Amino acid sequence: MRVAHNPTEIQQSLGTLRKQKSIAFVPTMGNLHDGHLKLIAKARELADIVVTSIYVNPLQFGPEEDFDTYPRTFEEDAKKCQASGVDFIFHPDNLYTQDGPKVTLCVDTSLSVPLCGSKRPGHFNGVATVVNLLFNIVQPDFALFGEKDWQQLVIIRRMVQDLHMPVTIVGVPTQRESDGLAMSSRNRYLTPDERLRAASLSRCLHTIRQGFHDGESDSKLLLERGRNVLAGADIEPEYLEICDEETLEPLPRLSRSMRARAFVAARIGKARLIDNMPLYTMEAINS
Ligand code: PAF
């Protein structure tokens, strides 16, 4: 495994290899957990070479957010990458010009403003810009993203489609702790008590999904049941919504044929956590 610290280094390393071999890319901000390792394992299945980037992208953090305190654990991350069969880590110090980027991507508000976008203005423009930049540097055949960040996945798929980027985007199901909590680097901010309460996020989504499968089609009533689960753990959600999983538009009434997905975000102590679950498959309901 090799570590490249700037775009030239990674491009030189991949330059001749890419002529004969396929490349799968796992962009991350580091502090790798089993969710990331699942992405890497899937990348290993898909391509000859696996590249992981570790870069905490300042452009996607708001002024009040955790950019400065975001966990930076490169040594541990590198060991995990090595053990998981990563070929190259791309770990730049900074990806932007000194005076900041003058040209960035702008995601349509229909995708960037709902859900997380309402509390994180500019976040998805920052994500789209850095992912575009990383794709230009690595030029992967495949790029893998976790479904926990569903809105991010939708936006990246749409970016690739709209801008005709020659890369296949692969979404990988959310990895969960044994009590259902979606794995996230931000879980480490939770105190033991908060960690217990945090499990109610996925319980709330399960409750909504179960209600739908039991025949309830009124989203307002389903969301009410979900809110009750959160209230039991003293959690006031930032949002709790049922939306079309591609357009992200709220769905007031549900039917089996809809691609409906429930989304939740909440602040628990210092952590802002998100989760989502599809409502439409029996497979999902049994998971
Ligand atoms: O999901 C993440 O970790 C980040 O948003 C990403 C895709 C690496 C861009 O910085």
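Numbers here are sequence positions counted from 1. Remember, it's a predicted structure, so these values are computed and weren't measured experimentally. For ligands, and for the atoms within them, numbers begin at 1 and follow the listed sequence.
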Self-check item: Pair Asp66 + Arg186, salt bridge at N-O below 4.0 Å
Solution: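 A salt bridge links Asp66 with Arg186.
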Quiz item: Given that the side chain starts at C-beta and the backbone is N, CA, C, O, which of these parts of Leu134 lies under 4.0 Å from ligand 1, counting heavy atoms, or is it both or neither?
Solution: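 Answer for Leu134: neither.
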Quiz item: Hey, does Gln60 come in under 3.5 Å of ligand 1, counting only N/O atoms on both sides?
Solution: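 In this structure, Gln60 places an N or O atom under 3.5 Å from an N or O of ligand 1.
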Quiz item: Has ligand 1 got any nitrogen or oxygen that is less than 3.5 angstrom from a nitrogen or oxygen of Asn57?
Solution: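 No: no nitrogen or oxygen of Asn57 is under 3.5 Å from one in ligand 1.
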Self-check item: Sub-4.0 Å atoms of ligand 1 with respect to non-hydrogen atoms of Val130
Solution: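 Here the atoms of ligand 1 in question are 9 (C), 10 (O).
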Quiz item: Which of the numbered atoms in ligand 1 are below 4.0 angstrom from a heavy atom of Thr28?
Solution: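 With Thr28 as reference, the close atoms of ligand 1 come out as 8 (C).
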Practice problem: Provide, to 0.1 Å, the distance between atom 5 (O) of ligand 1 and the closest protein heavy atom, together with that atom's residue and name. | Solution: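 Result for atom 5 (O) of ligand 1: Gln152 OE1, 2.7 Å.
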Quiz prompt | Residue pairs passing the ring-ring contact (aromatic ring centres under 6.0 Å, His included) test where at least one lies in residues 30-61, sequence neighbours excluded | solution =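 For residues 30-61, and leaving out neighbouring residues, the ring-ring contact (aromatic ring centres under 6.0 Å, His included) pairs sorted by first residue read His33-His36, Phe61-Phe67, Phe61-Tyr70.
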Exercise. Apply the side chain to side chain donor-acceptor pair (under 3.5 Å) test between Asp87 and each candidate in Arg44, Arg2, Lys21; give the one that qualifies.
Key: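 The passing option is Arg44.
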Exercise. Return the minimal non-hydrogen interatomic distance between Cys204 and Leu240, and the atom names on each side.
Key: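 That would be SG-CD1, 3.7 Å.
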Exercise. Give every residue pair that meets the salt bridge (charged side-chain N to carboxylate O under 4.0 Å, His left out) criterion with at least one member in residues 118-132, sequence neighbours excluded.
Key: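 Matches after skipping sequence neighbours: Glu65-Arg120.
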